[in-house]
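Have a look at the structure below, then the notes.
Just so we're clear, the structure is a prediction, and the values are computed from it rather than from any experiment.
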Amino acid sequence: MTHARPLPHTDNDCLQPTRKKENIMNRNATRIVAVAASLAMGFSLAGCGGTSADSDKGHVYLMNNKAEVVDQYKELASMYTKKTGVKVDVQTGAAGTYDATMTSELAKSNAPTMFNVSGFDQFAKYQKHIEPLQDTEVFKMLNDEGKAYSYTIDGKSYTLPYAAEWYGIIYNKKIIKDYCAKDYAVIKSADDIKDYKTLKAVAQSIQQHKDDLGLEGAFATPGLDSSDTYRFTAHMGRIPLYYEYKDMNTTFSKTIKGTHLAQYKDLFDLELKNSPTESGLISSKTYDDVTSEFALGKVAFYPNGVWAYSQIKNNEVADDDLGMLPYYMGIKGEENSGPAGVYDASWAVNKNASEKDKKATLDFIKWMVTDDSAKKILSQDMGFSVPFTTFTDKFQPNNPLTAAARAYTDAGKTEVRSFTIPDQQWQDDIAAALVEYAQGTGTWDKVKSAFVDGWSTEWANNEESLGSVPEAQKFDTK
């Protein structure tokens, strides 16, 4: 995301941590803090169509969970009302209060006609309020990846993903180019890094010669402060899950074996041993700390996603020097894959709204993804790569990491899919086990147990409390 989303990461990809070092301060932070503060005090931020609204044409009421795009949604609302006469209201729930606000608003007679869904837990919680959309014109406008990420039960698709993001191993092209010019280099160019074996050889060589290269390490520190653990649980943890599901020919299972966790361990160890920080100290390293290591040109590699661009830019790494590798771990077949994609942010339509309001809402969504001015706001101003077929290259965010990630698909590589993970507890338990492993007070078996045993435990808990789990389908190898 060209995000300034200052929140700890959860399964709702891809939220960003709160603290920002001065040298990587997002220039929108002051505005966002003000917005979040007003929302936390209970004020709703509404974008109303104004006096030109015509009640006979229906009403659109969007419940939004992204504080950083309130102004853009209000602009869209005003534009649409001026164009059509349909009133559009936007209310935003503050971080940590969205579910409570949603529960309150859905109980009202004038409930939201559309709302954000982020993560399967939210979908399960609100499913009884969500209209099936698989037969609508807007659903058919989703690209194949967007359709694949729509939450589907019994053949009915309920959500419209509206923001595609990618994560992998970000790298500094200039550092790699400088390294390749040395007589000790093990590659001739970054293009030679096409598998884990090569990545490992390059990282170890850079670490060995870091003083000559003017670096502090090959990889940014694998920080395990709570602000940074999502990179190793919600993100890196999804890579072995993807390949295990592929082996099983399924898109969901309540039990897993951790078939490819040995390869996950290899990459984690590579990062751990070739970063600026001693292994025993990584639990105190925050998201800001490790982002700063990369943004200031102190390391060559930084596993993270496209949203990190907002903290990297305007520092020591030029836009043209930003590249992205897939999460190479040594899993068979990974050379044919690109970075991982995540499409967690979705729109849903309230099935309990009047037919007139549902039609008005679907028309508003269609306008947002077909009107050039609206598409520009979504892609350029909000910074979303929107997974609708109407968003050509002209309507993509100005983010070099997004461009780098999308280039793999253009080259025929398969996008690694980010399958749903259970909940925050599963992530927290893995993170705690990783800290003990890094500090030498725990074994890798504990990490594997948190990953494998915790998976079945948390899905069982979720099924009991939420009443459903994701629908298993055959794995699409396209």
Under 3.5 Å, side chain of [X] to main-chain N/O of [Y], donor-acceptor pair present?
X: Thr389; Y: Met141; answer: yes
X: Gln134; Y: Gly155; answer: no
X: Lys356; Y: His59; answer: no
X: Asp428; Y: Gln425; answer: no
X: Tyr98; Y: Asn116; answer: yes
X: Thr81; Y: Val86; answer: yes

*Would you find more than 12 non-hydrogen atoms of other residues, nucleotides or ligands less than 6.0 Å from Asp320 atom CG?*
no

Is it the case that [X] and [Y] place a side-chain donor and acceptor less than 3.5 Å from each other?
X: Tyr230; Y: Asn304; result: yes
X: Glu415; Y: Tyr408; result: no
X: Ser157; Y: Thr152; result: yes
X: Tyr302; Y: Asn172; result: no
X: Asp99; Y: Tyr126; result: yes

_Against Leu133, only a single residue in Leu142, Leu362, Val138 fulfils side-chain contact (heavy atoms from CB on, under 4.5 Å); can you say which?_
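That would be Leu362.
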
*Indicate the ring-plane relationship of Phe388 and Phe391, choosing parallel, tilted or perpendicular according to the 30° and 60° boundaries.*
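Phe388 and Phe391: tilted rings.
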
*Describe, in one word, how the ring planes of Tyr245 and Phe419 are oriented to each other, choosing from parallel (under 30°), tilted (30 to 60°) and perpendicular (over 60°).*
perpendicular

*Sorted by first residue and then second, give each salt bridge (Lys or Arg N to Asp or Glu O under 4.0 Å) pair with at least one member in residues 393-409; sequence neighbours left out.*
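Passing the test, one end in residues 393-409: Asp393-Arg406.
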
*Short N-O contact, Lys366 and Asp363, less than 4.0 angstrom*: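 Not counted as a salt bridge, because no side-chain N and carboxylate O are separated by less than 4.0 Å.
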
*Taking all non-hydrogen atoms of both residues into account, name the closest pair between Met63 and Met102 and its distance.*
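Scanning both residues completely, I find the closest heavy atoms to be CG-SD, 3.4 Å.
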
_On a heavy-atom basis, which atom in Pro387 and which in Gly146 lie closest, and how many Å separate them?_
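Shortest heavy-atom separation between Pro387 and Gly146 comes out as CB-CA, 4.1 Å.
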
*asked:* Ring centroids only, cut at 6.0 angstrom: are Trp459 and Phe252 within range, meaning strictly under it?
replied: yes

_Could you check, using the six-membered ring where one of them is a Trp, whether Tyr327 and Tyr264 have ring centers closer than 6.0 angstrom?_
no

*asked:* Taking salt bridge (charged side-chain N to carboxylate O under 4.0 Å, His left out) as the definition, give me every residue that meets it alongside Glu105, ordered by chain and number, with sequence neighbours left out.
replied: Lys108

*Can you name the one residue among Tyr149, Trp347, Tyr151, Phe123 that meets ring pair (Phe, Tyr, Trp, His ring centres under 6.0 Å) with Tyr158?*
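Considering Tyr149, Trp347, Tyr151, Phe123, a ring pair (Phe, Tyr, Trp, His ring centres under 6.0 Å) with Tyr158 is found only for Phe123.
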
